[in-house]
Amino acid sequence: MKALIVDSSKSTRKILSSLLKKYEIEVEEAASPLQAIELLDGQHVDLLLFSYHHKSMNGIEFFKALPPKTRSSCVSLLVASNAIHQIAHESIEVGITACFSKLNISSLDTFIQNFAQAKRNKLQGRVLLIEDSPSLSQVYGERLASIGLDCEFCVDAEGAIQRISDNTYDLVITDFSLAGIGDGFSVISAIRNSHDAAKSRIPILAISGLNSPARRTQLLLNGANDFYSKDSSLEEFEIRVKHLLESYQLLLTYEMQYQTMQSLATHDALTKLYNRHYLRDVQQQVISEAYMSSKPLALIVADVDFFKQINDTYGHKIGDEVLAAAGALFANFFANELCFRIGGEEFLVILKNTTTLAASQYAQGFCDYFANQHLSGLNVTISAGVASYEYGDDFEHLFARADDALSKAKLSGRNQVVLDQSLNMLSLMA
Ligand SMILES: Nc1nc2c(ncn2[C@@H]2O[C@H](COP(=O)(O)OP(=O)(O)OP(=O)(O)O)[C@@H](O)[C@H]2O)c(=O)[nH]1
């Protein structure tokens, strides 16, 4: 980051210079407007800090004498000895960014601090720039690179649409007139009508050489998030790009936080399986599906045997380890089913489209597999009860039957599977 100070007084230059260096801004000095104009020839500075009083011309005249490209490409600060309100209006009108009094250095200090911070906060992101003029592509591309963005280029709508469908971008910048058959509208409409929800929300900055209100309105109405007219400054281009990227990144952050919260609300922290709250959300839907489709539905309710003894003998920490490992076994073995931890050491598996026979074989297979795993180096077993949906069942009754079967498995010696006794032969064969 580079600044140029223009002031005839060596001591003022020293004060301003130390102010800028405090924020790690590289400083050049000029003792007069003419020397500054020479220094600025072919050289870019991010900040121009100049006094109002000079022998040859005043600060406003100096600013007006600079090439338009220089004026628009840096932040310009005018510093006057006093009575800045008398020159402030004219300064702002000619495009000077801000005026400060030498008597109020602290507000200049704050401005420079914020400026340096904002400059350093480089953005990250991948941008697709669709522009058929090679020279403008280069200008915009360099500006985007200077703020830390990865830029890819395209000259026509057809190529751009293909790239957008094959890649992920954080921002699309599209000119209105393009090289191929399509124009900016084609790009905007392809993005907004994309079947991929994430792609359909990519922020779009429409740019055009024709700054007519009708063109602007059309582009915005068609789905562009913002508009940049090519006769505006590159500073403005950069600000619009930053605003779009920042809002988009904020949106993505909120979405990620929402997904994390959703996952926390629906999953058990220890076993990573679904929790009771989620079961409440889905149980009615599961029953309705079975009712409407007439497809079989089975539940396995399972419980770790003698778990209290594990806690009492090896401690709660080992008990937790066993539960976490049991959760992983459920998730692996029943990878395509809905698995829940519904209580301390009690689990539930919902088997959609599964007959009673298949469910009981599945449950028996799991019991055997579980016993062979020796979780935490212990002989841990599990008991299970299986029940199947019967026409007109509600979830509570179906669950209660599976739970009763589990109790029977416990009473019969544990480490086994018991089928719901109310099953008739028809449902067993269903
Ligand atoms: N470590 C640990 N223990 C838990 C947790 N939740 C419940 N428990 C314990 O699990 C034990 C369950 O004991 P019981 O209901 O008597 O069942 P059990 O010892 O497994 O006996 P059976 O089910 O009849 O085989 C209790 O001691 C609870 O304190 C947990 O999250 N972590």
Side-chain angles (χ1 to χ4, degrees), residues 1-81 87-88 90-100 102 108 111-112 115-116 118-120 122 131 133-149 151 207 209 228-242:
M1 215 180 318
K2 202 166 181 182
L4 175 64
I5 300 171
V6 191
D7 198 299
S8 55
S9 153
K10 201 172 171 184
S11 52
T12 305
R13 290 205 303 272
K14 201 170 165 200
I15 294 170
L16 295 177
S17 176
S18 61
L19 193 75
L20 292 162
K21 284 179 180 162
K22 206 164 69 170
Y23 302 110
E24 291 170 19
I25 300 173
E26 194 187 322
V27 180
E28 279 219 49
E29 296 179 18
S32 70
L34 289 177
Q35 193 190 350
I37 289 168
E38 263 176 39
L39 276 171
L40 286 169
D41 188 19
Q43 189 190 180
H44 170 75
V45 293
D46 302 287
L47 194 68
L48 185 58
L49 192 54
F50 53 103
S51 304
Y52 183 73
H53 295 285
H54 298 277
K55 277 191 191 130
S56 52
M57 59 181 92
N58 70 35
I60 294 174
E61 288 164 343
F62 158 66
F63 185 75
K64 280 161 65 180
L66 293 172
K69 198 171 169 231
T70 309
R71 274 186 279 162
S72 62
S73 67
C74 66
V75 166
S76 48
L77 307 179
L78 179 60
V79 187
S81 303
I87 54 167
E90 193 187 346
S91 307
I92 301 300
E93 268 200 341
V94 299
I96 292 169
T97 312
C99 288
F100 294 92
K102 283 183 186 170
L108 175 63
F111 185 98
I112 292 172
F115 166 81
K119 270 273 172 196
R120 242 169 234 121
K122 287 213 165 182
E131 164 65 67
S133 151
S135 56
L136 283 178
S137 277
Q138 189 180 347
V139 172
Y140 297 139
E142 279 172 8
R143 192 72 182 202
L144 295 168
S146 78
I147 51 171
L149 299 172
C151 192
I207 59 178
Y228 167 75
S229 163
K230 289 184 185 175
D231 56 12
S232 303
S233 71
L234 279 176
E235 196 75 34
E236 182 181 323
F237 174 74
E238 182 180 319
I239 292 166
R240 290 188 186 280
V241 165
K242 276 185 176 170

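Hydrogens, waters and symmetry mates are skipped; everything else that's a heavy atom, side chains included, is used.
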Original post:
Between NE2 of H53 and CG of D7, what distance do you get to the nearest 0.5 Å?
Top reply: 10.5 Å

Subject >> 4.5 Å side-chain heavy-atom contact, S72 and E235 >> reply: no

**OP:** Start with the C-alpha gap between L47 and M1, add the side-chain angles, then the distance that decides, and say whether side chain to side chain contact (heavy atoms under 4.5 Å, CB included) holds.
**Re:** CA-CA 8 Å; L47 194 68; M1 215 180 318; over 6 Å; no

Subject >> Straight-line distance of L144 CG to E238 CD, nearest 0.5 Å >> reply: 8.5 Å

Original post:
Given the rule in the side chain to side chain contact (heavy atoms under 4.5 Å, CB included) test, do L48 and L66 qualify, once you have shown the distances and angles that lead to the verdict?
Top reply: CA-CA 11 Å; L48 185 58; L66 293 172; 3.5 Å; yes

Original post:
Would a 4.5 Å heavy-atom cut-off, applied to side chains only, mark K55 and S8 as touching?
Top reply: no

Original post:
Shortest non-hydrogen contact from C74 to V45?
Top reply: CB-O, 3.1 Å

**OP:** Identify the heavy atoms of V27 and L20 that sit nearest to each other, and give their distance.
**Re:** CG2-CB, 3.7 Å

Original post:
So, for R143 and L234, which heavy atoms are closest and what is the spacing to 0.1 Å?
Top reply: NE-O, 3.8 Å

Subject >> E90 atom CD, neighbour heavy-atom count above 12 within 6.0 Å >> reply: no

Subject >> Spacing of E131 atom CD and Q138 atom CD [to the nearest 0.5 Å] >> reply: 12.0 Å

Original post:
For K14, what residues pass the salt bridge (charged side-chain N to carboxylate O under 4.0 Å, His left out) criterion, not counting sequence neighbours?
Top reply: none

Original post:
For V94 and F63, which heavy atoms make the closest approach, and how far apart are they?
Top reply: O-CE2, 3.4 Å

**OP:** Could you grab the distance from atom CG of L4 to atom CG of L39, nearest 0.5 Å is fine?
**Re:** 6.0 Å

**OP:** Kindly give the heavy-atom pair with the smallest separation between S76 and I96, and that separation in Å.
**Re:** OG-CA, 3.4 Å

**OP:** Mark yes or no for whether E61, through its side chain, and N58, through its backbone, hold a donor-acceptor pair below 3.5 Å.
**Re:** yes

**OP:** Identify, with sequence neighbours excluded, every residue that meets ring pair (Phe, Tyr, Trp, His ring centres under 6.0 Å) alongside F237.
**Re:** Y140, Y228

Subject >> Candidate list L34, V6, L78, test side chain to side chain contact (heavy atoms under 4.5 Å, CB included), partner F62, passing option >> reply: V6

Original post:
Is the count of non-hydrogen atoms from other residues, nucleotides or ligands lying under 6.0 Å from D231 atom CG greater than 12?
Top reply: yes

Original post:
Looking only at heavy atoms, which two atoms of Y23 and A116 are closest? And how far apart?
Top reply: CB-CB, 3.8 Å

**OP:** State the NZ-OG distance between K22 and S17, to the nearest 0.5 angstrom.
**Re:** 12.5 Å

**OP:** Could you walk me through whether R71 and S233 pass side chain to side chain contact (heavy atoms under 4.5 Å, CB included), step by step?
**Re:** CA-CA 9 Å; R71 274 186 279 162; S233 71; over 6 Å; no

Original post:
Can L108 and L49 be said to form a side chain to side chain contact (heavy atoms under 4.5 Å, CB included), step by step?
Top reply: CA-CA 10 Å; L108 175 63; L49 192 54; 4.1 Å; yes

**OP:** State the CG-OG distance between L77 and S51, to the nearest 0.5 angstrom.
**Re:** 11.5 Å

Subject >> R13 with E28: basic N within carboxylate O range, under 4.0 Å >> reply: no

